[in-house]
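Naming: A, B, ... by sequence-line order, numbering from 1 per chain. Source: prediction; values computed, not measured.
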Amino acid sequence: MDINEKVRVRFAPSPTGALHIGGAHTALFNWLWARHTGGTFILRIEDTDRERSTAEYERTIMDGMKWMGLDWDEGPDVGGAYGPYRQTERMKEYTDTANYLVDQGKAYKEGDAVIFKVPRGEQVTFQDVIYGDISVASEKASMNTDGSIKDIVMIKSDGRPTYNYAAVADDHAMNITTVIRGEDHIANTPKQILIYRALGWTPPQFAHLPMILGGDKKKLSKRHRATSVFEYSGMGYLPEAIFNFLALLGWTPGGDIEIFDRDLAVNKFELSKVTKKPAVFDMKKLDFVNQEHLKAMRPDDRRKAIEPFWRELGLSPGSFAPKYLEDSLALMGGRGKTTKELAEFSDYFLEFGPVKSRYTAEEVTPKERETLNKFFASAFAEFGPDIWDARGLEAFAREWCEKNGASLKEIAMPMRFALSGRRVSPGVFEIASILGREECMKRLSHYGFVR
RNA sequence: GGUCCCAUCGUCUAGCGGCCAAGGACAUCGCCCUUUCAAGGCGGCGGCACGGGUUCGAAUCCCGUUGGGACCGCCA
């Protein structure tokens, strides 16, 4: 690669499934490198597997990338000077080039297929940006399981190109300067370099990314619970958190920074600093990263992220003032790892229904009830709607308890249950303040805490 | 089986010959805060796989061993 040449990288998924974590990781690193260098990020669809590829999956992959905030400069939908960007639309080029190699005597036909003849006695060496020098004898670049040399299929009997050949043809045609892909492709690289050589083309630079492993230390695959980015979005993970977390798998911005946004990542990203060791996908850390992003979010963004999950619970955030919902959420503080959890934890701000289904006040003894009645009678007498606020309420409660020989807990816990239906919640007086005097009256009366 | 790759706390990592009796983060444990739970603060536990070299000096360089992974489809 010419040092002055503008970086051109590509993400080349095959549309045979949704965008999974591994693919998202690869796409992310390609994107980071393009954005960091001011280069071009290309999306190419490798749809030569006619049985498994669908337009639906192609769309899903694009949606997944958009969800993560990975935009591309050239691709099947946006076009570009090196199109088309779908392999099924580049068939002529593949056959022409393969035929050229046949004419040169470097490949041969076998029925409708075209097979590349693996040369002997050559050394294939390349300098991986991440792994360093990798070298293998040409005879060993493509082998059968028994170790014998295996020629490389370029065009299949159905007329379509194979991955190893199409990738070469396209990366060359699209002027890709750096091929950034998973480490599982490291073994394919020598085969591809052999094809570049036969064609007289200069190979691009290669950068292989460490694999992402499941808890069993095996390459992450469908067997490992959620693998598509949309499953994570459905579980309540924020795109910026997935972005952040995935970037941390094999790379760090340095300076002990672990929580960051896209801009910082773009700014600091360095391909040569990516680690070689495969990384285990740790959900616990993802939870942490997600929680940090949740905490750092602007109130209205947080509200918008949570609204879909409220709706999923059958609640109607649309019937409340945004400010009310945002204040409620602000109260949740650091509680909740995901938007989904936050929606669940805050359901009582939107409706009394969930509270009633969770709490019946069965265990409250007559004596406890009497104390509660006395307390709330004076509290409601003391605080009108205009001065119904957390601070005042709390101070009043503390004073009242002291005077009446009760513990704050005796008041706070039943009150918490009556207002939220939960044993665990933010401060009760703050909840009361947000809910408002009238709503509190309603809920407390329902349980007979107020007469 | 063959080829290639990898190797720092359970996990993600910093470290690129002396600043390391190895730093940070997650997880975990304990304490503080406290109306509950989080959050926050403080602290604990925990690692350079092993063996040889090279060097005045090695987590850092070399070799070997062991362990792990990827690939070996007319799938990509």
Side-chain angles (χ1 to χ4, degrees), chain A residues 12-17 23 46-53 87 110-115 128 130-132 134-137 139-148 150 152-167 181-191 208 210-211 213 215 217-219 245 248-252 254-259 273 275-289 291-292 295 332-337 341 345 394 397-398 401 407-417 420 422-430:
Chain A
S14 58
T16 55
E46 310 217 326
D47 55 352
T48 56
D49 183 340
R50 59 152 66 106
E51 272 82 51
R52 301 193 299 146
S53 300
Q87 291 189 324
E110 205 172 271
D112 293 325
V114 179
I115 322 280
D128 193 281
I130 294 161
Y131 285 87
I134 294 177
S135 184
V136 57
E139 294 88 350
K140 310 225 162 136
S142 176
M143 293 182 300
N144 290 297
T145 316
D146 64 10
S148 60
K150 181 178 195 184
I152 301 165
V153 177
M154 297 174 71
I155 305 281
K156 300 180 261 181
S157 299
D158 65 0
R160 297 182 181 234
T162 56
Y163 164 75
N164 276 128
Y165 167 54
R181 74 225 307 191
E183 189 247 48
D184 48 344
H185 285 293
I186 236 170
N188 282 322
T189 309
K191 301 178 198 176
H208 289 92
M211 293 280 87
L213 276 25
K217 304 261 185 136
K218 291 263 166 44
K219 182 174 158 184
F245 177 70
L248 242 22
L249 260 28
W251 178 74
T252 12
D256 288 337
I257 296 169
E258 295 224 280
I259 302 301
K273 287 206 186 127
T275 15
K276 304 193 226 295
K277 206 181 83 175
V280 174
F281 187 95
D282 180 12
M283 281 289 241
K284 290 274 181 54
K285 182 107 179 198
L286 206 214
D287 281 341
F288 167 76
V289 173
Q291 187 168 28
E292 291 303 306
K295 285 196 280 189
M332 303 308 291
R335 276 159 278 247
K337 310 276 188 202
E341 271 188 3
F345 291 173
E394 180 174 346
R398 286 185 189 282
C401 286
S407 70
L408 188 58
K409 207 169 183 170
E410 289 169 58
I411 300 297
M413 280 317 284
M415 184 176 172
R416 181 190 316 286
F417 272 115
S420 71
R422 297 182 186 280
R423 184 161 38 96
V424 165
S425 81
V428 255
F429 302 107
E430 289 168 298

What distance, rounded to whole Å, do you find between the two [atom1] atoms, one in [N] and one in [M]?
| N | M | atom1 | result |
| --- | --- | --- | --- |
| B/A58 | B/C50 | P | 15 Å |
| B/C42 | B/C56 | P | 44 Å |
| B/C45 | B/U66 | P | 35 Å |
| B/C26 | B/C9 | C1' | 12 Å |
| B/G64 | B/G10 | P | 27 Å |

Who pairs with B/A21 - Watson-Crick or G-U, where each distance is under 3.5 Å: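 Result: none.
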B/G64 pairs with, by Watson-Crick or G-U criteria that keep both distances under 3.5 Å: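 B/C50 - that is the nucleotide pairing with B/G64, both distances being under 3.5 Å.
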Given that A/N188 and A/R398 both sit by RNA chain B, which one's nearest nucleotide is further toward the 5' end?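 Nearer the 5' end of the strand: A/R398.
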Relative to the 5' end of RNA chain B, which residue comes earlier, A/V136 or A/V153, by the nucleotide with the nearest heavy atom?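 Comparing both residues, the 5'-ward one is A/V136.
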Mind calculating the distance between [atom1] ([X]) and [atom2] ([N]) to the nearest angstrom?
| X | N | atom1 | atom2 | answer |
| --- | --- | --- | --- | --- |
| A/F288 | B/A39 | CZ | C1' | 12 Å |
| A/E183 | B/U3 | CD | P | 17 Å |
| A/M283 | B/U11 | CE | C1' | 14 Å |

Nearest to the A/R335 side chain among B/A25, B/C37, B/C6, which nucleotide is it?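 Nucleotide nearest to A/R335's side chain: B/C37.
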OP1 or OP2 of B/A14 sitting under 4.0 Å from any side-chain N/O of A/T252?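 So the side-chain polar atoms of A/T252 do come within 4.0 Å of the phosphate oxygens OP1 or OP2 of B/A14, strictly under.
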If you compare every side-chain N and O of A/K276 against the phosphate oxygens of B/G68 (OP1, OP2), does one of them come in below 4.0 Å?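 No, no such contact exists.
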Across the strands shown, which category fits A/T162 at heavy-atom distances under 4.0 angstrom: base, sugar-phosphate, nothing?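 Here A/T162 touches the backbone only, sparing every base.
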Using a heavy-atom cut-off of 4.0 Å across all strands, would you classify A/R52 as base, sugar-phosphate, or nothing?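 Here A/R52 touches the bases of the nucleic acid.
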Less than 3.5 Å between a donor and an acceptor, one on the side chain of A/K285 and one on the base of B/A27, is that the case here?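 No pair found.
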On a plain distance test, is the side chain of A/R416 in donor-acceptor contact with the base of B/U35 below 3.5 Å?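 Indeed there is one.
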For the residue pair A/F288 and A/F245, is the inter-centroid distance of their aromatic rings smaller than 6.0 Å?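 A/F288 vs A/F245: aromatic centres not under 6.0 Å.
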